[in-house]
Amino acid sequence: MTKLNLPEPIAAYFDADNRDGEGVAGCFTQQAVVRDEGHTHSGLAAIKAWKAAASSKYSYTSAPFAVEQVGGRYVVSTRLSGSFPGSPVDLRFAFRLERGKIAFLEITP
């Protein structure tokens with residue numbers, strides 16, 4: 001697989017997510033918003049809690065395989081494999097960046 005040319009904050013997000021998840025929140029702005037599984041998580045405290053809950057519930061790795069820019073967002077297609085029902089699954093991560101950090105992330109099938 002060829003290496004994707006991901007913007008640094010997005011590459012840092014996937015790197016942190018694959019290591020231990022602890023560094024994920026550091027990739028976001030203070031007022032960032034994450035939408036995942038029908039829930040909205042606003043601000044760093046909520047994003048840390050979202051990531052901690054996901055990491056404690058499931059063990060997984062994410063492997064981005066495509067990226068495109070759509071309407072000011074970077075949409076990264078990613079394969080998640082792990083200890084969750086339906087694994088592996090391909091998901092789309094739509095990122096909006098501000099000042100070198102992630103301001104918005106929406107994860108959809």
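Values reported hereafter were calculated over all heavy atoms of this structure, with side chains retained and with hydrogens, waters and symmetry mates removed.
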Sort and list the pairs that fulfil salt bridge (Lys or Arg N to Asp or Glu O under 4.0 Å) and have at least one residue in [range], not counting sequence neighbours.
| range | result |
| --- | --- |
| residues 28-39 | none |
| residues 52-68 | Glu68-Arg92 |
| residues 23-33 | none |

Whether Thr29 side chain and Lys101 backbone form a donor-acceptor pair below 3.5 Å: no

Heavy-atom donor-acceptor pair, Ser56 side chain to Ala53 backbone, under 3.5 Å: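 It does hold such a pair.
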
Are [Y] and [X] connected into the same hydrophobic cluster when the rule is that any two of I, L, V, M, F, W, Y join if their side-chain heavy atoms are below 4.5 Å apart?
| X | Y | result |
| --- | --- | --- |
| Leu44 | Val33 | no |
| Leu105 | Leu4 | yes |
| Leu6 | Ile107 | yes |

Phe95 and Phe93 aromatic ring geometry - parallel, tilted or perpendicular at 30°/60° bounds: parallel

Results of salt bridge (charged side-chain N to carboxylate O under 4.0 Å, His left out) for Glu8 - residues two or more places apart only: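 So Glu8 forms no salt bridge (charged side-chain N to carboxylate O under 4.0 Å, His left out) with any residue.
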
Non-neighbouring partners of Asp90 that pass side-chain contact (heavy atoms from CB on, under 4.5 Å), sequence neighbours left out: Phe65, Arg79

Those residues that, when tested against Gln69, pass side-chain contact (heavy atoms from CB on, under 4.5 Å) (two or more places apart):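 For Gln69, the residues satisfying side-chain contact (heavy atoms from CB on, under 4.5 Å) (neighbours in sequence not counted) are Tyr74.
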
Report yes if the side chains of [X] and [Y] come closer than 4.5 Å at any heavy-atom pair, otherwise no.
| X | Y | result |
| --- | --- | --- |
| Leu97 | Pro7 | yes |
| His39 | Trp50 | no |
| Asn18 | Ser62 | yes |
| Ser59 | Ser83 | yes |
| Pro85 | Tyr58 | yes |
| Ile10 | Val76 | yes |

Verdict with supporting geometry, Tyr60 and Asp17, side-chain hydrogen bond (donor to acceptor under 3.5 Å, both in side chains): CA-CA 9 Å; Tyr60 64 90; Asp17 192 34; 2.7 Å; yes

Worked check of side-chain contact (heavy atoms from CB on, under 4.5 Å) between Asn5 and Val67: CA-CA 8 Å; Asn5 187 20; Val67 62; 6.0 Å; no

